[in-house]
Student: 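The structure under discussion is supplied below as C-alpha cells; questions concerning it will follow.
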Amino acid sequence: MSAEATNGFEQRLQQRVAVTRNPLETIPTHSISHGNIPNTPLSASTISFLLGTLFSLGATMFLSGGFSNHWWATYQLGFFLAAWSAFHWGEFAVTAGWNLDKCSVDSFLLDNGAMYHVANTVAVSEYVFMLYIKPSSKSYPYVSTVGQSFTPNINSIVVVLVGQALRSIAMIHASSNFSHAVAFRKRDAHKLVTDGIYSLFRHPSYAGFFYWALGTQLVLQNTISLLGFAIVLWRFFYYRIRGEEKALISFFGKDYEEYRRTVSTKIPFIP
C-alpha cells in the first residue's frame with residue numbers, strides 16, 4: 001500500500017472516530033467534569049448499583065412501615081433514603097436520556113461539595129437523635145404517624161414527589177438547553193424555553209429541588225434541619241438566579257426580560 005493510500009486511510013479512520021460516539025461514553029462535549037470521581041462507565045455503573053441498593057433498602061423500610069426489630073429503621077427514614085437515592089440516580093438518568101452531550105459522572109450531583117453531604121448527614125443525625133431521646137417528636141399526627149398503624153402523612157410525601165417530578169420534567173423539557181452549571185456563554189443551539197412547565201415556573205428545576213429538599217425534612221419532622229435547609233437553599237437560589245438571569249438577559253435581551261415579568265419563580269420571596 002502506498003504512503004498516500006495509507007495516509008488517506010488513517011485520515012478516514014480519524015474522521016470516523018471523531019463522529020462516532022460510544023453509547024457508553026460519559027465524557028461530555030459541552031461541560032467539564034470536576035475530576036473528583038473517575039469519569040468512566042465503571043464509575044457510573046458502580047454509583048448506579050450503590051444508589052439502587054440504597055433505594056431498595058429505603059423503599060422496603062418505607063413500604064413495610066419500618067423494621068420493628070430496629071428502633072431507628074422507621075418508614076420515615078426509609079422514605080428519605082429512597083427519595084435521596086432516587087433523586088441522584090434520576091439526575092444522571094435524565095441527563096443521559098435527554099442531554100447526552102452534557103452527561104458525565106458528575107451528572108449524579110454527588111460531587112456537590114462537602115457542605116451538601118454535611119447537611120444531609122446532619123439531617124439524618126437529627127432525626128435519629130431525636131427519635132432516640134424523644135420518639136414523640138417524630139409522631140405528630142398532622143405530619144406523620146409512627147407506630148404499628150402505618151399512616152404516613154400524604155401531604156409531606158406529596159411535596160417530595162411533586163418537587164422531584166417538577167425538576168425532572170423541567171430537565172426533560174429543556175433538554176440540551178439545561179445545564180447543571182450556569183452557562184455564561186451562549187451556544188448556537190441555546191434557545192429560550194418559555195413553554196410547557198416553563199410557562200408556569202421561571203426556574204422549575206430550582207423550584208423542584210427547593211420543595212423536594214424541604215419535603216424530605218417534613219417527612220423526617222426535623223425542625224432544625226427544615227429551618228436550616230430553607231435558609232441555605234433560599235440564599236443559594238436567590239444569588240444563583242440573580243447571576244444566571246444576568247447571563248440570560250445578555251443572551252436573549254428583551255425576550256427574557258418580558259418572560260421574567262410574566263412568569264415568577266414560585267420560590268418564596270424570589271420574584
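Computed from a prediction, not measured in an experiment: that's the story for all the values here.
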Student: Does the side chain of Ile197 reach to within under 4.5 Å of the side chain of Leu166, using non-hydrogen atoms?
Tutor: yes
Student: With sequence neighbours excluded, tell me which residues meet ring pair (Phe, Tyr, Trp, His ring centres under 6.0 Å) with Trp212.
Tutor: Phe87, Phe209
Student: If the test is side chain to side chain contact (heavy atoms under 4.5 Å, CB included), which one of Phe178, Tyr198, Tyr259 qualifies with Val193?
Tutor: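 Among Phe178, Tyr198, Tyr259, the one that satisfies the side chain to side chain contact (heavy atoms under 4.5 Å, CB included) with Val193 is Tyr198.
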Student: Do Leu50 and Thr46 have side chains that approach each other closer than 4.5 Å (heavy atoms only, starting at C-beta)?
Tutor: yes
Student: Quick check on the 6.0 Å ring-centre criterion: do Tyr132 and Trp71 meet it?
Tutor: yes
Student: Nearest 0.5 Å please: distance from the OG1 atom of Thr95 over to the CG atom of Leu100.
Tutor: 9.5 Å
Student: For Trp234, look at atom CH2 and say whether over 12 heavy atoms of other residues, nucleotides or ligands are found less than 6.0 Å away.
Tutor: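 Yes.
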Student: Which heavy atom of Val105 sits nearest to which heavy atom of Asn39, and what is that distance?
Tutor: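 In this case the closest contact between Val105 and Asn39 is N-OD1, 2.8 Å.
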Student: Looking at Trp98, is its backbone amide N or carbonyl O close enough to the side chain of Ser175 to form a donor-acceptor pair, meaning the two atoms are under 3.5 Å apart?
Tutor: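 It does hold such a pair.
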Student: Checking side-chain hydrogen bond (donor to acceptor under 3.5 Å, both in side chains) against Tyr127, which of Gln221, Gln76, Lys138 comes through?
Tutor: Gln76
Student: Have a look at Tyr206 and tell me which of Lys266, Arg167, Glu244 forms a side-chain hydrogen bond (donor to acceptor under 3.5 Å, both in side chains) with it.
Tutor: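 Going through the options one by one, the only one that passes is Glu244.
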Student: Would you call the rings of Phe210 and Phe237 parallel, tilted or perpendicular if under 30° counts as parallel and over 60° as perpendicular?
Tutor: perpendicular
Student: Give a yes or no on this: more than 12 heavy atoms of other residues, nucleotides or ligands lie within 6.0 Å of atom NZ of Lys186.
Tutor: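 For Lys186, atom NZ is crowded (more than 12 foreign heavy atoms under 6.0 Å).
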Student: Show me the donor-acceptor pairs, under 3.5 Å and distance only, between side chains in residues 78-86 and residues at least two apart or in other chains.
Tutor:
{"residue": "Trp84", "atom": "NE1", "partner": "His88", "partner atom": "NE2", "Å": "3.4"}
{"residue": "Trp84", "atom": "NE1", "partner": "Tyr116", "partner atom": "OH", "Å": "3.3"}
{"residue": "Ser85", "atom": "OG", "partner": "Phe55", "partner atom": "N", "Å": "3.4"}
{"residue": "Ser85", "atom": "OG", "partner": "Leu81", "partner atom": "O", "Å": "2.9"}
{"residue": "Ser85", "atom": "OG", "partner": "Ala82", "partner atom": "O", "Å": "3.1"}

Student: Does atom CG of Leu200 have more than 12 heavy-atom neighbours from other groups under 6.0 Å away?
Tutor: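 Above 12, so yes.
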Student: Could you pull out all residues at least two apart from Asn69 that satisfy side-chain hydrogen bond (donor to acceptor under 3.5 Å, both in side chains)?
Tutor: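 Applying side-chain hydrogen bond (donor to acceptor under 3.5 Å, both in side chains) to Asn69 gives none.
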Student: What pairs with Phe236 under ring pair (Phe, Tyr, Trp, His ring centres under 6.0 Å), at least two apart in sequence or on another chain?
Tutor: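 In terms of ring pair (Phe, Tyr, Trp, His ring centres under 6.0 Å), with neighbours along the sequence ignored, Phe236 is linked to no residue.
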Student: Using every non-hydrogen atom in the two residues, find where Ile249 and Tyr256 come nearest and quote the distance to one decimal.
Tutor: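 Distance-wise, the nearest heavy atoms are CG1-CD2, 3.8 Å.
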Student: Could I get the full list of ring pair (Phe, Tyr, Trp, His ring centres under 6.0 Å) partners for Phe229, not counting sequence neighbours?
Tutor: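 In terms of ring pair (Phe, Tyr, Trp, His ring centres under 6.0 Å), with neighbours along the sequence ignored, Phe229 is linked to no residue.
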Student: Which residues pass the side-chain hydrogen bond (donor to acceptor under 3.5 Å, both in side chains) test with Asn112, not counting sequence neighbours?
Tutor: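 Residues passing side-chain hydrogen bond (donor to acceptor under 3.5 Å, both in side chains) with Asn112: none at all.
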Student: Between His117 and Leu110, is there a donor-acceptor pair closer than 3.5 Å when you use the side chain of the first and the backbone of the second?
Tutor: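 Checking the backbone N and O of Leu110 against the side chain of His117, a donor-acceptor pair under 3.5 Å is found.
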Student: Could you tell me whether the side chains of Glu258 and Thr262 share a donor-acceptor contact shorter than 3.5 Å?
Tutor: no
